[in-house]
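Encoded as structure tokens, the structure appears first; notes follow it.
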Amino acid sequence: MKKDCSMEEVMQKLQAPFPSKDIEWRVSRSGQSNGKKYAFVLAYVTNRAIQNRLDEVFGPAGWQNDFSDFMQGVLCTISCYVDGEWIKKSDGAEQTQFESLKGGLSSAMKRAAVQWGIGRYLYRLEENYVQVFDNKRDGSNYINDKKTNVKGYWMPPKLPDWALPADEKGNCRNASQDPQNKPEKQYQRENSQAQQSNQNDSVLKKLGNNLRKELNK
């Protein structure tokens with residue numbers, strides 16, 4: 001830990017939002033409705049960004065990580081040198097289906113980092129609804145979910161301002177304001193409410209016109 005930093009300052013640095021380039025989105029589930037394909041995605045901080053953050057706060061020699069087998073998964077312990085002693089925090093993850101060992105190590109370290117406050121703010125984000133399309137576009141990600149027969153491409157959502165560093169605030173559209181990135185039920189509910197509101201306005205306008213005609217007779 002840097003000698004000129006208080007523990008409060010250290011925690012603020014650890015918990016600070018990451019640049020959008022350090023955030024990756026992963027599909028949590030997918031499906032099809034009325035012939036349209038969709039997916040729900042979650043945001044994660046990359047392992048490289050976690051390592052850089054630990055280097056910045058504690059120095060390259062001020063932290064270390066250890067991995068061990070835990071039941072059917074992997075346990076990661078991140079130790080940081082704080083006020084003259086090593087403080088350890090651990091968390092684990094199951095091995096993934098794709099590159100099971102590498103995926104398990106990566107997921108375990110990300111969870112252990114959350115114990116230190118790194119990337120914890122991302123847990124405040126809800127699943128984001130994205131449309132899946134057939135043709136590849138610049139910046140799109142590929143999906144091939146054989147369970148739901150959803151295959152195609154999707155665009156990563158934009159992070160809201162509160163989840164971005166100061167120099168990126170205002171540059172990205174808030175994900176919660178983008179209809180594509182709202183959870184499907186929420187978007188359908190709000191769209192239905194808007195349609196109902198328009199219908200009510202039409203009815204009131206018609207009643208007003210009829211009333212004026214009666215008064216003018």
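These values consider heavy atoms only, across backbone and side chains, with no hydrogens, waters or symmetry-generated copies.
Legend: residues meeting side-chain contact (heavy atoms from CB on, under 4.5 Å) with Arg48, ordered by chain and number and at least two apart, are Thr46, Asn52. Take Asn149 and apply the side-chain contact (heavy atoms from CB on, under 4.5 Å) test, not counting sequence neighbours, and it matches Gln32.
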Subject >> Derivation of the side-chain hydrogen bond (donor to acceptor under 3.5 Å, both in side chains) call for Glu168 and Ser20 >> reply: CA-CA 8 Å; Glu168 288 192 40; Ser20 55; 2.9 Å; yes

**OP:** I would like to know whether Val10 and Phe58 meet side-chain contact (heavy atoms from CB on, under 4.5 Å); could you show each step before the answer?
**Re:** CA-CA 9 Å; Val10 168; Phe58 297 104; 4.1 Å; yes

Original post:
Is there a side-chain contact (heavy atoms from CB on, under 4.5 Å) between Asn144 and Lys146 once you walk through the steps?
Top reply: CA-CA 6 Å; Asn144 185 7; Lys146 296 180 180 179; 4.3 Å; yes

**OP:** Walk me through it: do Trp162 and Arg124 pass the test side-chain contact (heavy atoms from CB on, under 4.5 Å)?
**Re:** CA-CA 10 Å; Trp162 62 262; Arg124 293 168 53 192; 3.5 Å; yes

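Counting all heavy atoms, side chain and backbone alike, Gly170 lies closest to Asp161 at N-OD1, 2.9 Å. The minimum heavy-atom distance linking Arg137 with Met155 is given by the pair CB-SD, 4.3 Å. When every heavy atom of Pro157 is checked against every heavy atom of Val130, the shortest pair comes out as CG-CG1, 3.9 Å. Counting all heavy atoms, side chain and backbone alike, Val45 lies closest to Leu122 at N-CD1, 3.7 Å. Heavy-atom minimum distance, Ser107 versus Ala93: CB-CB, 3.6 Å.
The side-chain heavy atoms of Trp63 and Asn65, taken from C-beta on, include a pair separated by under 4.5 Å. The shortest distance between side-chain heavy atoms of Pro17 and Leu164 does not fall below 4.5 Å. Between Leu75 and Phe67 there is no side-chain heavy-atom pair separated by less than 4.5 Å. Between Leu54 and Ile50 there is a side-chain heavy-atom pair separated by less than 4.5 Å. Looking at heavy atoms from C-beta onward, Ile143 lies in side-chain contact with Val150 at the 4.5 angstrom threshold. Two residues are said to be in side-chain contact when any heavy atoms from C-beta on lie closer than 4.5 Å; Arg26 and Leu42 fail this criterion. Proximity of Phe18 to Arg53: side-chain heavy atoms (C-beta onward) are separated by under 4.5 Å at one or more points. Looking only at side-chain heavy atoms (C-beta outward), Val132 and Tyr142 stay at 4.5 Å or farther from each other.
The distance from atom CZ of Phe70 to atom SG of Cys76, rounded to the nearest 0.5 Å, is 13.5 Å. Taking CG of Asn141 as the reference point, atom CH2 of Trp25 lies at 11.0 Å (rounded to 0.5 Å). Interatomic distance, Thr77 OG1 to Met109 CE, rounded to the nearest 0.5 Å: 11.5 Å. Separating the CG atom in Asp145 from the NZ atom in Lys151 is a distance of 12.5 Å, to the nearest 0.5 Å. Trp116 CH2 to Gln15 CD: the interatomic distance, rounded to the nearest 0.5 Å, is 11.5 Å. We find the SG-CH2 distance between Cys80 and Trp86 to be 7.5 Å, quoted to the nearest 0.5 Å.
Remark: the backbone N or O of Gly152 is not paired with any side-chain donor or acceptor of Asp134 at under 3.5 angstrom. Using a distance-only test at 3.5 Å, with no hydrogens or angles considered, a donor-acceptor pair links the side chain of Asn128 to the main chain of Glu126. With hydrogens and angles ignored, the 3.5 Å screen pairs a side-chain donor or acceptor of Arg120 with a backbone N or O of Val114.
Follow the hydrophobic side-chain contacts under 4.5 Å out from Ile78 and you reach Tyr121 in the same cluster. Tyr123 and Ile118 are assigned to two separate hydrophobic clusters, defined by single-linkage of ILVMFWY side chains at heavy-atom distances under 4.5 Å. Hydrophobic clustering (ILVMFWY, side-chain heavy atoms < 4.5 Å, transitive): Leu159 and Tyr44 are in distinct clusters.
Other residues, nucleotides and ligands contribute over 12 non-hydrogen atoms within 6.0 Å of the OH atom of Tyr153.
Using a cut-off of 4.0 Å between Lys/Arg side-chain N and Asp/Glu carboxylate O, Lys88 and Asp66 are scored as not salt-bridged.
For residues 110-119, every residue pair satisfying the salt bridge (charged side-chain N to carboxylate O under 4.0 Å, His left out) rule, not counting sequence neighbours, is listed here: Glu24-Lys110.
Taking the six-membered ring where the residue is Trp, Tyr38 and Tyr129 present tilted rings, their angle falling between 30° and 60°.
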